[in-house]
Amino acid sequence: MADMDAFRDEIARWAAGGAPGAAAELAADLGLRTAVLLEGPSDLAAVEALAAREDRDLTAEGVAVVSMGGAMSVGRFAGLLGPPGLGLRLTGLCDAREEPFYDRGWQRAGAVRDFHVCVADLEDEMIRALGPERVEEVILAEDELRPWQTFLAQPAQHGRPRHQQLRRFLSTKKGRKIRYGSLLVQALDGARPPAPLADLLAGL
């Protein structure tokens, strides 16, 4: 049985200059119709967590969610997965500062512009959706009180708004953004997800 992780691995190899055969075969076996292009693994974690929260199996729906390893790779991935390559419908999520890369990628692939833009980044959107107090509760629940207090004691953080401190904290340790990508979605409870993330899932 075809596996989504195997498909993602083959797409990464293809993007790095490998042959397209295995990726094309896996796409056919999986019945893929849509590719969601994301900048990095923390965005992937958030999208998968929201899909799980909504009891959706994106693979069964023919949707491949792909982390590209940076927005500057979007032209390459759009070409491989979109009309010039596998012919999948393209959608995605990006930070505001990376929107021009996505625009050019979609244009070069000859795809209809269909992606969602976060005001700053997805972490910023999640903090605003939850509120700083709820995000701090998640940090404490993860037994990160001491790292959080140490971070707040840094001179560079003195006087900064709590929202900005939280956003910066999530990026200070390797793997933290990925872990909190799913944790913050799970913490939404009955709250509405940030609009770019909710609209992305609703359009799949």
Side-chain angles (χ1 to χ4, degrees), residues 2-15 20 23-24 26-126 128-129 177-178 181-182 184-185 188 192-204:
D3 176 80
M4 182 56 69
D5 287 336
F7 174 75
R8 290 172 178 152
D9 288 344
E10 288 302 326
I11 287 297
R13 291 191 188 97
W14 189 13
L26 285 167
D29 290 344
L30 288 164
L32 297 182
R33 58 179 180 80
T34 299
V36 181
L37 301 185
L38 303 174
E39 293 184 47
S42 62
D43 299 329
L44 174 62
V47 170
E48 290 190 327
L50 184 59
R53 182 174 177 260
E54 297 180 356
D55 294 321
R56 294 182 61 179
D57 183 342
L58 295 182
T59 300
E61 294 177 26
V63 177
V65 186
V66 178
S67 168
M68 302 180 295
M72 287 186 288
S73 297
V74 68
R76 178 69 171 153
F77 278 83
L80 298 181
L81 294 168
L86 298 183
L88 304 180
R89 173 201 165 206
L90 298 179
T91 186
L93 186 73
C94 69
D95 303 346
R97 65 181 176 275
E98 312 296 1
E99 185 175 0
F101 293 111
Y102 270 59
D103 271 326
R104 288 194 293 271
W106 255 248
Q107 289 169 8
R108 290 172 183 170
V112 176
R113 189 186 192 277
D114 178 14
F115 56 85
H116 305 270
V117 182
C118 298
V119 171
D121 53 29
L122 187 53
E123 289 75 30
D124 171 76
E125 295 277 1
M126 290 301 306
R128 285 192 287 113
K177 280 180 69 172
I178 301 172
S182 58
L184 295 182
V185 169
L188 284 166
R192 175 177 166 78
L197 185 58
D199 293 345
L200 172 67
L201 263 290
L204 296 177

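Only this structure's heavy atoms are used, side chains among them; waters, hydrogens and symmetry mates stay out.
- Closest non-hydrogen pair, L201 versus R56, comes out as O-NH1, 2.7 Å.
- Within the model, atoms CD of E48 and OG1 of T59 stand 8.0 Å from one another, a figure rounded to the nearest 0.5 Å.
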Using the side chain to side chain contact (heavy atoms under 4.5 Å, CB included) rule, take S42 and E123 through it: C-alpha gap first, then chi angles, then the decisive distance, then the call.
-> CA-CA 9 Å; S42 62; E123 289 75 30; 3.3 Å; yes
Could you go step by step and tell me if L93 and C118 meet the side chain to side chain contact (heavy atoms under 4.5 Å, CB included) rule?
-> CA-CA 7 Å; L93 186 73; C118 298; 4.0 Å; yes
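- The main-chain N or O of E61 is found under 3.5 Å from a side-chain atom of R33 such that the two form a donor-acceptor pair.
- Taking OG of S182 as the reference point, atom CZ of R53 lies at 13.0 Å (rounded to 0.5 Å).
- The two residues L86 and A23 have their closest heavy-atom pair at CD1-O, 4.4 Å.
- In this structure, the side chain of E125 engages the main chain of V119 through a donor-acceptor pair within 3.5 Å.
- Annotation for D95 and A120: closest pair CB-O, 3.0 Å, computed over non-hydrogen atoms.
- We find the CD-CG distance between E10 and D3 to be 11.0 Å, quoted to the nearest 0.5 Å.
- Contact record, A35 with L81: CB-CD1, 3.9 Å, taken as the closest heavy-atom pair.
- Put simply, the side chain of D29 does not reach to within 4.5 Å of the side chain of F7, judged on heavy atoms.
- Here the side chains of L200 and T91 are in contact, with some heavy-atom distance below 4.5 Å.
- Between L88 and T34 there is no side-chain heavy-atom pair separated by less than 4.5 Å.
- Looking at R128 and P194, their side chains never come closer than 4.5 Å, going by heavy atoms from C-beta outward.
- Of the possible donor and acceptor atoms, one in the side chain of Y102 sits under 3.5 Å from a partner among the backbone N and O of L37.
- A donor-acceptor contact shorter than 3.5 Å links the side chain of W106 to the backbone of V112.
- Rounding to the nearest 0.5 Å places CG of L204 at 9.5 Å from CD of E54.
- Looking at R104 and E98, no side-chain N of the basic residue comes within less than 4.0 Å of a carboxylate O on the acidic one, giving no salt bridge.
- Atoms CG and CD1, on L44 and I178 in that order, are 9.0 Å from each other to the nearest 0.5 Å.
- Figure legend: cation-pi geometry between R113 and F115, with NZ or CZ positioned under 6.0 Å from the six-membered ring centre and within 45° of its axis.
- Annotation: the span from R89 atom CZ to L32 atom CG amounts to 13.0 Å, rounded to 0.5 Å.
- With a 4.5 Å cut-off on side-chain heavy atoms, V36 and V66 do not count as touching.
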Can E39 and V74 be said to form a side chain to side chain contact (heavy atoms under 4.5 Å, CB included), step by step?
-> CA-CA 8 Å; E39 293 184 47; V74 68; over 6 Å; no
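- Counting all heavy atoms, side chain and backbone alike, G40 lies closest to S67 at C-OG, 3.1 Å.
- Nearest approach of P193 to L50, heavy atoms of both residues: CG-CD1, 3.7 Å.
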Begin from the C-alpha positions of L197 and H116 and carry the test side chain to side chain contact (heavy atoms under 4.5 Å, CB included) through to its verdict.
-> CA-CA 8 Å; L197 185 58; H116 305 270; over 6 Å; no
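- Under 4.0 Å is where a charged nitrogen must lie from a carboxylate oxygen, and between R192 and D199 at least one such pair does.
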